[in-house]
Amino acid sequence: MIRFVVLSILLLGSFRSFGQASLQKTFVQKMELPASPDIGTQVLRMSESFLGTPYVAGTLEGNPTERLVCKFDGLDCTTLVESVIALAVAKTENSTFEEYKNELTKLRYRDGTIDGYPSRLHYILDWMYENQKRGRLEDITAKVGGVPFTKEINFMTTHANLYPSLAASEVYEKLKEQEAVINSREHSYIPKNAIQKAEPMLHDGDIVAFTSSVEGLDVNHMGIISKVGSRAYLIHASLTGKKVIMTNVPLAEYVASVPKHTGMIVARLNDI
């Protein structure tokens with residue numbers, strides 16, 4: 001029995017080492033993509049390099065303790081966006097795997113510190129606010145035709161049964177406090193019937209997130225903009241497509257085809 005346990009531990013360590021080596025090999029390949037002085041163009045190139053990558057839901061969930069998850073072989077919509085931004089920052093500023101992980105941590109966690117489940121930026125409205133506060137991006141929604149977005153955000157605490165980590169009362173209360181802070185801020189969105197008018201003002205590499213008709217939820221989905229002339233297309237990790245794809249119709253038509261999307265919010269990356 002002891003021999004079996006020791007063998008299992010050794011095999012687990014081997015698998016982890018292999019996984020880390022594979023991850024770093026892929027990272028090196030991403031760093032070999034052509035460089036651009038424009039961070040938006042770099043984000044677009046990184047996102048294009050993931051086309052065809054399998055969609056995997058809930059890539060950040062299921063860990064007994066909160067830790068930084070780095071994956072290149074399976075992504076959901078949020079981890080695709082976070083991964084390509086972190087890769088673009090590493091490519092532009094410091095092409096090391098440590099810099100990639102450092103930027104990923106700053107993108108994903110409040111004040112760039114992993115301190116349990118509540119430290120993760122679960123709501124995209126909060127994610128955009130915190131990353132704008134540190135200068136990584138700018139919420140440009142109001143500048144490209146946005147109007148006030150007034151909605152009570154409380155989906156996680158009103159659906160705590162969907163989030164095992166909220167079973168602990170202190171975690172639940174912390175998330176409730178965070179929702180209250182989100183609801184105290186002013187937000188903008190572009191209604192779906194105004195998106196085509198906004199498309200010419202979007203740039204390659206802009207980050208878009210789609211506001212939700214679901215009660216208490218801020219956004220359903222997010223992705224990266226690729227411009228073709230004056231029209232914008234979306235690169236995203238698609239649940240229905242089961243992989244990372246670019247939409248075959250422009251952004252306005254895509255949003256119009258999804259009933260639960262009510263509009264969008266837009267962020268543009270900064271060089272810092």
Side-chain angles (χ1 to χ4, degrees), residues 26 30-31 33-56 59 70-92 100 103-104 106-108 121 124-125 127-128 131-132 136-141 143-144 189-190 195-196 198-211 218-255 257-258 261 263-271:
T26 303
K30 301 292 187 188
M31 291 300 102
L33 291 170
S36 170
D38 177 67
I39 189 68
T41 302
Q42 201 70 66
V43 165
L44 176 60
R45 286 176 179 168
M46 289 298 176
S47 64
E48 290 172 336
S49 76
F50 282 103
L51 289 170
T53 301
Y55 175 91
V56 177
T59 50
C70 303
K71 285 180 67 69
F72 294 144
D73 58 349
L75 301 162
D76 59 30
C77 67
T78 305
T79 51
L80 170 66
V81 169
E82 291 177 334
S83 295
V84 300
I85 294 174
L87 285 165
V89 169
K91 174 72 174 177
T92 303
Y100 164 77
E103 179 62 23
L104 191 62
K106 290 178 180 179
L107 283 166
R108 188 174 291 165
L121 297 167
I124 298 304
L125 284 176
W127 183 92
M128 284 199 172
N131 281 291
Q132 177 168 262
R136 176 53 70 202
L137 55 79
E138 179 187 1
D139 183 341
I140 63 167
T141 309
K143 294 182 178 179
V144 294
Y189 86 120
I190 301 167
I195 289 177
Q196 185 168 345
E199 283 188 36
M201 294 179 276
L202 302 182
H203 293 176
D204 282 339
D206 282 350
I207 306 303
V208 291
F210 304 105
T211 52
D218 55 347
V219 306
N220 300 312
H221 192 52
M222 66 191 310
I224 300 103
I225 292 297
S226 176
K227 291 297 293 291
V228 180
S230 64
R231 300 306 305 269
Y233 289 75
L234 181 72
I235 296 177
H236 63 132
S238 169
L239 172 61
T240 55
K242 296 181 171 52
K243 60 185 177 181
V244 178
I245 61 173
M246 186 167 84
T247 55
N248 57 11
V249 295
L251 187 66
E253 284 87 328
Y254 161 75
V255 178
S257 73
V258 184
H261 292 349
M264 72 176 186
I265 54 180
V266 188
R268 183 163 294 159
L269 276 294
N270 294 323
D271 293 298

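The residues of the chain are indexed from 1 along the displayed sequence.
- With a 4.5 Å cut-off on side-chain heavy atoms, Met222 and Glu82 do not count as touching.
- Inter-residue side-chain proximity for Arg45 and Pro34 is flagged as met; some heavy-atom pair is nearer than 4.5 Å.
- Scanning all heavy atoms of the two residues, the minimum distance from Pro250 to Glu199 falls at CB-OE1, 4.0 Å.
- Nearest heavy atom pair, residue Gln42 against residue Ser36, reads OE1-N, 2.7 Å.
- Minimum heavy-atom separation, Tyr254 to Leu234: CE2-CD2, 3.7 Å.
- Contact record, Met128 with Ala267: CE-CB, 3.7 Å, taken as the closest heavy-atom pair.
- Taking the side chain as every heavy atom from C-beta outward, Ile225 and Val266 never approach each other to under 4.5 Å.
- Between Thr78 and Ile124 there is a side-chain heavy-atom pair separated by less than 4.5 Å.
- The minimum heavy-atom distance between Ala198 and Ile190, with the atom names listed, is CB-CD1, 4.1 Å.
- Contact of the Trp127 side chain with the Val219 side chain is not registered, since no non-hydrogen atoms from C-beta on lie closer than 4.5 Å.
- The closest side-chain heavy-atom distance from Phe210 to Val208 is below 4.5 Å.
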One pair to check against side-chain contact (heavy atoms from CB on, under 4.5 Å): Leu80 and Ile224. What are the steps and the verdict?
CA-CA 9 Å; Leu80 170 66; Ile224 300 103; 4.1 Å; yes

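- Here the side chains of Leu75 and Thr59 are not in contact, with every heavy-atom distance at 4.5 Å or above.
- Contact between Arg268 and Met201 at its shortest, heavy atoms only, is NH2-O, 3.1 Å.
- Considering only heavy atoms from C-beta on, Phe50 comes within 4.5 Å of Lys30 through its side chain.
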